[in-house]
Number of protein chains: 2
Amino acid sequence: MPTQTKENYLKAIYFLSQENIDVSITELSKKMNVSKPTANNMAKKMQEKGWLFYEKYKPVKLTIKGKRLGALIVRKHRLTEMFLSQVMSFGWEEVHDIAEEIEHINSNLFFDRMDEILGFPTLDPHGSPIPDKNGKVLKVNYLNLSTIKPGQKVRLCGLENSSKDLLLFLNKKKIKLGSVLSILHIEKFDNSFEILLENNSTILLTFDVCLSLLVEEL
Amino acid sequence: MPTQTKENYLKAIYFLSQENIDVSITELSKKMNVSKPTANNMAKKMQEKGWLFYEKYKPVKLTIKGKRLGALIVRKHRLTEMFLSQVMSFGWEEVHDIAEEIEHINSNLFFDRMDEILGFPTLDPHGSPIPDKNGKVLKVNYLNLSTIKPGQKVRLCGLENSSKDLLLFLNKKKIKLGSVLSILHIEKFDNSFEILLENNSTILLTFDVCLSLLVEEL
DNA sequence: TATATTTGTTAGATTAATCTAACTTATTAT
DNA sequence: ATAATAAGTTAGATTAATCTAACAAATATA
């Protein structure tokens, strides 16, 4: 059984691995907000547990076992977010912090019951896939809004990052998962997107915001 | 903010205080399954935090602040038990272990929402009172079944101890909170109780079991 | 290629929570 | 009242997770 701290390292490496295969000690230390020696020590200990490959002066990499464990923590996190959202009526901007704590609860029964009550969901409230009980993750293939051409109609399906600021911004603009956005125009000067919403209001999204929105074309 | 460990000490002292006012270091160490020096050290540290009174060679006692903190942890525990039971359909014998972990979650929002969803309950699934948000506890005044005379009809309202074994035993006998029990006879030899249930079956309860059942007379 | 910069590692210290062994103070019992 | 027992304390060690300072290795740059 990993400690809570080690579970957080596992999760950090799990996420960092998705972008680039290997993870440097420096990246890890930054993600975990700890010093480099701390990250280094922890990497060694996690190697002893068989969760990752570690060689002096080389980036680390999760073992099969480590990857599975990481995915299972993400599973618990996202199931919890879904439960908080669907059963306990929390807003999508409120669920992350609470799930960050509940994900460490040691009870399969508890998470299995959540899963059952929710009807075995595959996506969390931010559109991210919930790994299955074996740690397998559904591959979703959304497009980044920033790459879509003017005139196109799209549906919001996920978020590249689920920071509270972004979620509050989307709340304010009345944009949620499933919202349909029509791209009217892209401003050459700053790459901002002029967008028509379902309620016929027109809003402006900066390129940065568009980079965070995952959509499918309609 | 108390650590998880210190919260558990707080809770232990809180419960030990209900029987006898003061709590000896030895009692505490037994309750916490730690050595006496460990309990002793912890007592000193908790004194520094202002949670208890500690003097060398004397039993410890919670301060007002410590008592309030303890009660608030019990509140989180019992609200959780109620939520697990009412919302997530767990049996009363399953809720304790999970609540033991969830009680340490640091989010008033989370527990307030539970409270709201449950309709602000005052008792947990075992009939124990849920302390309010200020740590005040409703005084319940149940009788111990072992003190009731033959011929009397009673309703089960609470449990003196909620051990899993007792709860499973009661499940097997189809006895639950609210069940009406009629005392037919008390066996002189071993003080066992012959009891008539609502379904007209007659069962035998040992004196030990009776000591664990809290009732009100009908 | 030689140097500068970044990255990674060692060493040594700290804090929280725990232990055992040895000792002291209190309590109990003869 | 004194000895025996129980309770409480000190001292010193351990493990997990963290830090800073100093050094070594790898990478980037002039």
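Below, chains carry the letters A, B, ... as their sequence lines are ordered, and counting in each starts from 1.
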Please write out the pairs of protein N or O atoms and N or O atoms of nucleotides 18-22 of chain D separated by less than 3.5 Å, giving the distance to one decimal.
residue, atom, partner, partner atom, Å
dT18(D), OP2, Tyr9(A), OH, 2.9
dC19(D), OP2, Ser35(A), N, 2.9
dC19(D), OP2, Ser35(A), OG, 3.0
dC19(D), OP2, Thr38(A), OG1, 2.6

Spacing between [X] atom [atom1] and [N] atom [atom2], to the nearest angstrom:
X	N	atom1	atom2	answer
Glu55(B)	dA26(C)	CD	P	12 Å
Gln4(B)	dT15(C)	CD	C1'	18 Å
Leu28(B)	dA6(D)	CG	P	20 Å
Asp22(A)	dA26(D)	CG	P	16 Å
Lys6(B)	dA17(C)	NZ	P	4 Å
Ile25(B)	dT27(C)	CD1	P	14 Å
Glu27(B)	dA7(D)	CD	C1'	12 Å
Lys44(A)	dT15(D)	NZ	P	16 Å

For this session: Select from Lys56(A) and Tyr57(B) the residue whose nearest nucleotide in DNA chain D is closer to the 5' end of that strand.
Result: Tyr57(B)
For this session: State which residues pass side chain to side chain donor-acceptor pair (under 3.5 Å) with Ser35(B); sequence neighbours excluded, sorted by chain then number.
Result: Thr38(B)
For this session: Can you sort out the partners of His126(A) under side chain to side chain donor-acceptor pair (under 3.5 Å), two or more places apart, ordered by chain and number?
Result: Glu81(A)
Please, which pairs that meet salt bridge (Lys or Arg N to Asp or Glu O under 4.0 Å) have at least one residue in [range], sequence neighbours excluded?
range	value
residues 89-106 of chain A	Lys11(A)-Glu100(A), Lys11(A)-Glu103(A), Asp97(A)-Lys164(A)
residues 32-47 of chain B	none
residues 105-125 of chain B	Arg75(B)-Asp115(B), Arg78(B)-Asp124(B), Asp112(B)-Lys133(B), Arg113(B)-Glu116(B)

Exercise. Which part of the nucleic acid, if any, lies within reach of Lys30(A) when heavy atoms closer than 4.0 Å are counted: base, sugar-phosphate only, or nothing?
Worked result: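 Nothing, no heavy atom under 4.0 Å.
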Exercise. Looking only at side chains, do His104(A) and Gln4(A) share a donor and an acceptor under 3.5 Å apart?
Worked result: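 No pair is found: no donor N or O on one side chain lies under 3.5 Å from an acceptor on the other.
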For this session: Over 60° means perpendicular and under 30° means parallel, so classify the ring planes of Phe207(A) and Phe193(A), tilted if in between.
Result: tilted
For this session: Considering just the side-chain nitrogens and oxygens of Thr26(B), establish if one lies under 4.0 Å of OP1 or OP2 belonging to dG8(D).
Result: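 Indeed, a polar side-chain atom of Thr26(B) lies that close.
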